[in-house]
Amino acid sequence: MAKALSLNEIRRRAAQFVVEWRDEPGDERQQAQSFIRDLLRVFGITSTKAALYEKRAKRSSTGHRGYIDALVPGLCAIEMKSAGKDLEVAERQALDYIEGVSDGLCKPYREER
């Protein structure tokens, strides 16, 4: 099993992540997967297959199908929005999708080495 990162290492990586991404235009469609991969690396998640991208799910509030931008099973769901968009909407949307995710995808994530 991989050694857990210290809080100081996570902070160092997060600061570097901010430097690398701060001047990007923040376009959801064009940059989402690269952004997510870099964000996950901040926390030591380096497997390229750690996240399921554009995971199909049903929204519990409407019953309509849609896509979770990224899902790391058992760890987190990521709902991207372009710069300037309402992040509360993104949070509600992600939580809405989580209820539609099958139990098999909710098992704990383990980084493979």
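No experiment lies behind these values; they were computed from the predicted model shown.
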Visitor: At what distance, to the nearest 0.5 angstrom, does CD of Gln33 lie from CD of Gln31?
Guide: 12.0 Å

Visitor: Could you give the distance from CE (Met80) to NZ (Lys85), rounded to the nearest 0.5 Å?
Guide: 13.5 Å

Visitor: Would Ile45 end up clustered with Trp21 when hydrophobic side chains under 4.5 Å apart are linked, directly or stepwise?
Guide: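 Ile45 and Trp21: one cluster.
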
Visitor: Can you give me the closest heavy-atom contact between Pro73 and Leu52, atom names plus distance?
Guide: CG-CD1, 4.0 Å

Visitor: Are the aromatic ring centres of Phe17 and Phe43 under 6.0 angstrom apart?
Guide: no

Visitor: Which atoms form the tightest heavy-atom contact between Ile78 and Ile68, and what is the distance?
Guide: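 Minimum heavy-atom separation between Ile78 and Ile68: O-CG2, 3.9 Å.
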
Visitor: Are Leu95 and Val89 connected in the hydrophobic side-chain network, where two residues link if heavy atoms are under 4.5 Å apart?
Guide: no

Visitor: Do Leu40 and Val72 have side chains that approach each other closer than 4.5 Å (heavy atoms only, starting at C-beta)?
Guide: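 A side-chain contact under 4.5 Å exists here.
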
Visitor: On a heavy-atom basis, which atom in Ala51 and which in Ala70 lie closest, and how many Å separate them?
Guide: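 Shortest heavy-atom separation between Ala51 and Ala70 comes out as CB-CB, 4.4 Å.
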
Visitor: Quick one: does any side-chain atom of Arg13 pair with a main-chain N or O of Arg41 as donor and acceptor, under 3.5 Å?
Guide: yes

Visitor: Would you say the side-chain atoms of Tyr53 pair up with the backbone N or O of Asp69, donor to acceptor, closer than 3.5 Å?
Guide: no

Visitor: Of all heavy-atom pairs between Asp96 and Ser61, which one has the smallest distance, and what is that distance?
Guide: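 Closest approach of Asp96 to Ser61: OD2-OG, 2.6 Å.
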
Visitor: Hey, could you give me the CZ/CZ distance between Arg59 and Arg65, rounded to the nearest 0.5 Å?
Guide: 13.5 Å

Visitor: Would you name the heavy atoms of Val42 and Ile10 that are closest together and state the gap between them?
Guide: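 Heavy-atom minimum between the residues: CG1-O, 3.7 Å.
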
Visitor: For Glu9, I'd like to know if atom CD has over 12 heavy atoms of other residues, nucleotides or ligands within 6.0 Å.
Guide: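 Yes, because the 6.0 Å sphere around CD of Glu9 holds more than 12 heavy atoms from other groups.
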
Visitor: Just how far is it from atom CZ of Phe35 to atom CD of Glu24, taken to the nearest 0.5 Å?
Guide: 10.0 Å

Visitor: With side chains defined as the heavy atoms from C-beta onward, is the minimum distance between Gln93 and Lys81 less than 4.5 Å?
Guide: yes

Visitor: So how far is it from Leu71 CG to Glu79 CD, rounded to the nearest 0.5 Å?
Guide: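 Here the interatomic distance stands at 11.0 Å.
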
